[in-house]
Amino acid sequence: MAVHVMQGLITADLTEHQARSAGSGQWAVSYLPGRTVGLDQAVAAIQLAEVTGEAMGYAELLELPLLEAVGGAMAASTWRRPKRGRRYWPRRREDESPSPAESAG
């Protein structure tokens, strides 16, 4: 994932969206019609377009619409966090042999 800021144009590797200089330090972003933003905001807009493309792939794997997947990921978890240092799977010591199930794989 790389954003390229060139004279008058901002592009990225993973999205077709771009930002173009509108003069006076302002930028027009392809998916924000009628609005101009500063350079930092324009770069952030193109970065957002890139990660949204990645998120669409994850949403497809989950068989969810993008907005539902992102909304769920943004929501606060109702699960308690495990206590620090607590493990849920016993860690095998280096001097132990693998179990038959592990050996069969």
Side-chain angles (χ1 to χ4, degrees):
M1 183 164 86
V3 173
H4 310 281
V5 180
M6 300 167 268
Q7 187 172 349
L9 182 66
I10 301 171
T11 61
D13 295 337
L14 302 178
T15 182
E16 293 186 14
H17 284 293
Q18 54 187 276
R20 294 184 178 172
S21 175
S24 302
Q26 294 294 296
W27 293 81
V29 178
S30 59
Y31 68 89
L32 299 174
R35 180 177 178 178
T36 57
V37 297
L39 175 61
D40 290 343
Q41 291 174 313
V43 170
I46 300 306
Q47 289 172 322
L48 180 61
E50 279 208 313
V51 299
T52 301
E54 285 187 73
M56 287 173 62
Y58 295 128
E60 286 174 11
L61 286 172
L62 293 168
E63 299 178 356
L64 292 173
L66 175 61
L67 293 180
E68 185 178 343
V70 171
M74 290 176 57
S77 175
T78 57
W79 293 8
R80 289 193 337 228
R81 290 192 87 150
K83 291 182 181 177
R84 197 175 179 107
R86 190 176 196 184
R87 286 179 282 176
Y88 288 94
W89 291 276
R91 183 179 288 171
R92 186 178 67 228
R93 294 189 347 228
E94 289 182 27
D95 60 341
E96 288 183 35
S97 299
S99 70
E102 292 173 321
S103 298

Tell me whether [X] contacts the main-chain N or O of [Y] through its side chain, where contact means a donor paired with an acceptor under 3.5 Å.
{"X": "Q41", "Y": "G38", "result": "yes"}
{"X": "S30", "Y": "Q18", "result": "yes"}
{"X": "S77", "Y": "W79", "result": "yes"}

Would you say that I10 contacts W27 through its side chain, given a criterion of any heavy-atom pair below 4.5 Å between the two side chains?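 Contact flag for I10/W27 side chains = yes.
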Set out, in order, the CA-CA distance, both residues' side-chain angles and the distance that settles side-chain contact (heavy atoms from CB on, under 4.5 Å) for V29 and V37, then state yes or no. CA-CA 8 Å; V29 178; V37 297; 4.0 Å; yes
Could you grab the distance from atom [atom1] of [X] to atom [atom2] of [Y], nearest 0.5 Å is fine?
{"X": "D13", "Y": "H4", "atom1": "CG", "atom2": "NE2", "result": "3.5 Å"}
{"X": "L14", "Y": "T52", "atom1": "CG", "atom2": "OG1", "result": "11.5 Å"}
{"X": "H17", "Y": "L48", "atom1": "NE2", "atom2": "CG", "result": "9.5 Å"}
{"X": "T15", "Y": "E54", "atom1": "OG1", "atom2": "CD", "result": "11.0 Å"}

Could you report the tightest heavy-atom contact between A22 and A28, atom names first, then the distance?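 Residues A22 and A28, closest heavy atoms: CB-N, 4.4 Å.
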Does atom CE of M6 have more than 12 heavy-atom neighbours, drawn from other residues, nucleotides or ligands, at distances under 6.0 Å?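 Yes - once you tally the heavy atoms of other residues, nucleotides and ligands closer than 6.0 Å, there are more than 12.
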Within a reach of under 6.0 Å around CG of L61, are more than 12 heavy atoms found that belong to other residues, nucleotides or ligands?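 Buried by this count: over 12 neighbours within 6.0 Å.
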[Y] reachable from [X] in the ILVMFWY side-chain graph, under 4.5 Å edges:
{"X": "Y31", "Y": "L39", "result": "yes"}
{"X": "M56", "Y": "L62", "result": "no"}
{"X": "L66", "Y": "M74", "result": "yes"}

List the steps and the verdict of side-chain contact (heavy atoms from CB on, under 4.5 Å) for E50 and V3. CA-CA 9 Å; E50 279 208 313; V3 173; 4.2 Å; yes
